[in-house]
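Have a look at the structure below before the remarks.
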Amino acid sequence: MREEEANAIALMELKLKLEEALAQLKTSREKISQQEHLRSLGQMASGIVHDFNNALTTIMGFTELLLINPNDRENRKNLKKYLKIIYTAATDAANIVNRLKEFYRTKRDKDEIIEPLDINQIIKDTIFISKPRWKEEVEAKGITITIKTKLDKIPIIYGDISEMREVFINLIFNAVDAMPSGGKIFITTTACKKDNTITISVRDTGIGMSKEVCDHCFDPFFTTKSDKGSGLGLSVVFGIITRYNGRIEVESEKGKGTTFLIKLPVISKEVYESPDKELKDIMTPMNILVIDDNPGVRKIITKYLKIMGHSVDDMNNGYSALQHFKIKKYDLVITDRAMPKMSGDQLAGKIKRLSPTTPIILLTGFGEIMKAEDDLPSNVDYILGKPITSSTLRKSILKVINDIIIRNQS
């Protein structure tokens with residue numbers, strides 16, 4: 001009996017030691033996971049800051065040229081050209097902030113803006129916009145990089161121009177990084193009527209990649225650039241191309257350069273047709289209440305809405321807006337989310353209690369993330385992510401109107 005008790009005690013001690021070892025292993029694994037997560041976040045932040053600064057360089061540079069050079073301001077052709085470059089760079093900067101959603105989004109957002117895309121023109125624009133990086137920046141180091149194109153006549157496809165521009169920016173920058181001693185980038189486009197696709201090739205004369213690197217180059221956070229890269233660029237490209245039902249392949253060899261081949265299906269307009277066309281005729285003038293504690297944001301929203309033909313009252317806080325709402329009828333409320341004393345969520349709740357049928361659009365800098373996670377606050381009809389444009393504002397209003405019509409018909 002004593003022997004059995006001794007065995008039982010030994011087994012109990014062994015069990016306790018095993019449980020302790022497992023707990024320590026779990027703690028160690030969590031620490032390693034946390035360290036890896038922090039490392040990845042650091043890499044992400046580094047890459048995003050780098051790309052964001054590139055966009056700001058373009059915005060600030062061309063803005064300064066207009067401010068210091070009267071000839072450029074007076075030359076309407078140059079003025080329009082510079083303003084277009086600044087607007088494009090600002091759009092790209094906004095897209096950089098939203099790029100993290102590429103890693104948890106597996107399909108196209110149902111309310112994403114779809115438009116006809118001239119791939120050849122996007123390539124030309126991207127080459128011009130990215131010129132400070134692949135030409136001026138490298139020439140300052142005594143290095144020469146040239147980009148040559150052969151763009152055949154290809155059909156129009158439909159999609160998001162910012163996404164497609166980011167594809168080519170990432171591929172060009174990736175090629176530049178692969179040519180530390182200079183070299184050439186060749187971009188070609190061809191159409192294949194047989195399978196109704198277009199093929200885009202981006203080839204460089206850089207250092208090339210091993211088979212192992214090729215196998216992992218599209219993995220998030222995978223990079224061979226030490227602290228100079230985030231490891232996000234090619235994975236973003238892969239995510240975008242995949243959502244367009246396309247495919248991207250890489251061919252490379254150490255010392256012999258790299259070629260990225262993209263094949264995209266030519267899908268008819270009807271497949272990507274957005275509801276805007278159907279809704280344009282029913283966009284009637286409305287009385288709209290706008291609330292935002294940022295005067296710049298409030299002013300631009302008000303300007304956009306008045307250009308669309310709407311009547312607008314704007315308030316800088318939720319309390320004033322609520323008092324105004326009690327004495328005047330509004331067809332739509334557009335409110336910022338993060339405001340002192342009364343948040344947009346709280347204001348939406350109070351307005352819905354007064355008028356349950358009044359649609360409310362919530363403005364927030366986290367709009368894209370919230371929509372991707374289907375995180376729609378109660379009492380809110382639509383989330384509009386900042387920064388906004390006239391087009392995204394109009395689209396959000398049309399979406400709300402469309403939803404109201406559908407609810408009334410059902």
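Residue numbers count from 1 along this sequence.
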Might you confirm whether atom NZ of K352 has over 12 heavy atoms from other residues, nucleotides or ligands at distances under 6.0 Å? yes

Distance col, row E74:CD vs N69:CG, nearest 0.5 angstrom, shows 9.0 Å

Check: When you measure from the side chain of D381 to the backbone N and O of I360, does any donor-acceptor pair fall under 3.5 Å?
Finding: yes

Short side-chain to backbone donor-acceptor contact, D331 and N287, under 3.5 Å
yes

If only atom types and distance count, is the side chain of N75 paired as donor or acceptor with the main-chain N or O of N71 below 3.5 Å?
no

Rounding to 0.5 Å, atoms NE2 (H324) and OH (Y330) come to a distance of 3.5 Å

- request: Taking the side chain as every heavy atom from C-beta outward, state whether I291 and N316 have any pair of such atoms under 4.5 Å apart.
  value: no

Discussion item. Looking at G344, is its backbone amide N or carbonyl O close enough to the side chain of R337 to form a donor-acceptor pair, meaning the two atoms are under 3.5 Å apart?
Written reply: no

Test side-chain contact (heavy atoms from CB on, under 4.5 Å), reference I262, set V202, T199, I240, I248, output is I248

Residues S355 and T358: closest non-hydrogen pair is OG-OG1, 2.6 Å

Applying ring-ring contact (aromatic ring centres under 6.0 Å, His included) to F62 and not counting sequence neighbours gives Y82

_Measuring only between side-chain heavy atoms, which start at C-beta, is V290 closer than 4.5 Å to D313?_
no

Correct closest heavy-atom pair for I361 and S396 would be CD1-OG, 3.7 Å

In short, G246 meets L264 closest at the heavy-atom pair CA-CD2, 4.1 Å

Margin query: Is the shortest side-chain heavy-atom distance between I207 and P180 below 4.5 Å?
Written below: yes

Residues pairing under side chain to side chain donor-acceptor pair (under 3.5 Å) where one sits in residues 140-150, two or more places apart or in two chains, turn out to be none

Q: State, with a plain yes or no, whether a side-chain heavy atom of I145 is found less than 4.5 Å away from one of K184.
A: no

* Is there a donor-acceptor pair under 3.5 Å between the side chain of S343 and the backbone N or O of M339? -> no

Note: Y244 and Y158 closest approach over all heavy atoms is CE2-O, 3.8 Å

Residues A89 and I59: closest non-hydrogen pair is CB-CG1, 3.6 Å

Rounding to 0.5 Å, atoms OG (S201) and CD (E251) come to a distance of 8.0 Å

Evaluate I127 against F168 for side-chain contact (heavy atoms from CB on, under 4.5 Å), listing each step before the verdict.
CA-CA 8 Å; I127 291 172; F168 298 122; over 6 Å; no

Rounded to the nearest 0.5 Å, the CG atom of L151 sits from the CD1 atom of I187 at a distance of 8.0 Å

d(D314 CG, D292 CG) to nearest 0.5 Å is 10.0 Å

Under 3.5 Å, side chain of S252 to main-chain N/O of M209, donor-acceptor pair present? yes

Apply side-chain contact (heavy atoms from CB on, under 4.5 Å) to E163 and R243, showing your working. CA-CA 11 Å; E163 283 190 338; R243 286 201 313 281; 2.5 Å; yes

Could you check whether R165 pairs with D125 (Lys NZ or Arg NE/NH1/NH2 to Asp/Glu carboxylate O, under 4.0 Å)?
no

task: With side-chain contact (heavy atoms from CB on, under 4.5 Å) as the test, would you mind laying out the steps for T126 and V167 before giving the verdict?
output: CA-CA 10 Å; T126 304; V167 166; over 6 Å; no

So do V176 and I185 actually touch side chain to side chain, heavy atoms under 4.5 Å?
yes

Donor-acceptor list for residues 188-198 side chains, cut-off 3.5 Å, not counting sequence neighbours:
from : atom 1 : to   : atom 2 : distance (Å)
T189 : OG1    : N120 : OD1    : 2.8
T189 : OG1    : D152 : N      : 3.2
D195 : OD1    : T197 : OG1    : 2.7
D195 : OD2    : T197 : OG1    : 3.4
N196 : ND2    : V266 : O      : 3.0

Original post:
Is a side-chain N or O of H310 found less than 3.5 angstrom from the main chain of L305, in a donor-acceptor match?
Top reply: no

Between T302 and K306, is there a side-chain heavy-atom distance shorter than 4.5 Å?
yes

- Is there a donor-acceptor pair under 3.5 Å between the side chain of T392 and the backbone N or O of I388? no

Practice item. Using a cut-off of 6.0 Å, state whether more than 12 heavy atoms not belonging to Y319 lie near its atom OH. Key: no

Next on the checklist: Checking I200 against L261 for the side-chain contact (heavy atoms from CB on, under 4.5 Å) test, could you report, in this order, the C-alpha distance in whole Å, the side-chain angles of both residues, the deciding distance, and whether it holds?
Outcome noted: CA-CA 6 Å; I200 306 148; L261 287 171; over 6 Å; no

Looking only at heavy atoms, the pair that brings L347 and A321 closest together is CD2-CB, 4.3 Å

Evaluate the side-chain proximity of T364 to D336: yes if any heavy-atom separation is below 4.5 Å, no if none is.
-> no

**Prompt:** Are L384 and L393 side-chain neighbours, meaning at least one heavy-atom pair lies under 4.5 Å?
**Reply:** yes

- Query: Within a reach of under 6.0 Å around NZ of K329, are more than 12 heavy atoms found that belong to other residues, nucleotides or ligands?
  - Reply: no

Output for pair (I86 CD1, M60 CE), nearest 0.5 Å, gives 11.5 Å

